[in-house]
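In what follows, residues are counted from 1 in the order of the sequence shown.
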Amino acid sequence: MADRFATARAKIYHAHNEDPNKHTTTAGKEIPYETHYAEQMESYLAKRSPNASDVLKLAVCGQHFRRWEVPRTDYPMTKIGYHTWRTHLKKRQAQLVSQILDECGYPIEDTKRCIASIEKEGLKQGEEEVQVLEDVACLVFLDDQFEEFKDKHDEVKIVHILKKTWGKMGGEGQELALGIPMTEECQGLVQKALSG
């Protein structure tokens with residue numbers, strides 16, 4: 001069982017390592033962006049759900065699987081275009097990761113759970129594993145992407161996105177979010193979003 005998980009995870013990271021987009025670590029080392037993103041996702045999963053199932057761990061690790069192959073620019077730069085792109089990505093990523101689980105000998109029930117988690121199926125119905133994945137994705141956004149995001153948008157949009165992000169998280173995710181170290185400016189924006 002452990003070998004099956006390790007093999008599937010290695011296959012996912014093998015693909016992440018092909019991402020041509022780079023992230024520079026705090027130590028100054030360049031690594032593929034999707035490798036960095038998956039590591040951040042796994043780190044927050046360990047905090048949010050230390051006893052997560054192997055299937056959830058693989059879904060979290062592969063949430064953005066080969067995302068760079070379908071750039072945002074392939075779709076119209078409109079709200080509808082954005083949502084169409086996101087929907088396509090979720091389905092594609094879920095299918096590709098589920099194929100890896102299948103190749104590694106996971107039963108069909110597990111591959112279906114993996115697909116449901118990556119596609120966020122059942123989120124509004126309170127499906128626990130899907131909520132955990134959503135919490136983790138929101139936490140990574142707040143910790144790893146928010147600083148850069150805020151520099152590209154006006155305050156009204158930033159506060160709106162923060163409100164949406166907060167609303168997507170469950171109580172445990174929100175509690176972890178409050179403990180994320182942020183600059184004074186970012187903390188102020190979060191407070192605005194939470195008080196509005």
Novice: Sequence neighbours left out, cut at 3.5 Å: what donor-acceptor pairs do the side chains of residues 137-147 make with other protein atoms?
Specialist:
| unit_1 | atom_1 | unit_2 | atom_2 | d |
| --- | --- | --- | --- | --- |
| Asp143 | OD2 | Tyr44 | OH | 2.9 |
| Asp144 | OD1 | His36 | NE2 | 3.1 |
| Asp144 | OD2 | His36 | NE2 | 2.8 |
| Gln145 | NE2 | Tyr33 | OH | 2.9 |
| Glu147 | OE2 | Lys150 | NZ | 3.3 |

Novice: Are Glu148 and Lys152 within salt-bridge range, i.e. N to O under 4.0 Å?
Specialist: yes
Novice: Can you sort out the partners of Thr35 under side-chain contact (heavy atoms from CB on, under 4.5 Å), two or more places apart, ordered by chain and number?
Specialist: Tyr13, His16, Asn17, Pro32, Glu39
Novice: Got a sec, which residues hit side-chain contact (heavy atoms from CB on, under 4.5 Å) with Gln174, two or more places apart in sequence or on another chain?
Specialist: Trp166, Met169
Novice: Looking at side-chain heavy atoms only, is the closest gap between Arg67 and Glu34 below 4.5 Å?
Specialist: yes
Novice: Mind checking side-chain contact (heavy atoms from CB on, under 4.5 Å) for Asp154 and listing every partner two or more places apart, or none if nothing turns up?
Specialist: Val156, Lys157
Novice: Which residues satisfy the side-chain hydrogen bond (donor to acceptor under 3.5 Å, both in side chains) test with Glu172, sequence neighbours excluded?
Specialist: Arg48
Novice: Is there a side-chain contact between Ile100 and Phe65 in this structure, where contact means two heavy atoms from C-beta onward sitting under 4.5 Å apart?
Specialist: yes
Novice: Assess whether a salt bridge exists between Glu42 and Arg9, defined as any Lys/Arg side-chain N lying under 4.0 Å from an Asp/Glu carboxylate O.
Specialist: yes
Novice: Contact between Pro107 and Thr111 at the side-chain level, heavy atoms closer than 4.5 Å - yes or no?
Specialist: no
Novice: For residues 68-77, which residue pairs qualify under side chain to side chain donor-acceptor pair (under 3.5 Å), counting only residues two or more places apart or in two chains?
Specialist: Arg66-Glu69, Glu69-Arg92
Novice: Does Ser49 use its side chain to pair, donor to acceptor, with the backbone of Leu45 at less than 3.5 Å?
Specialist: no
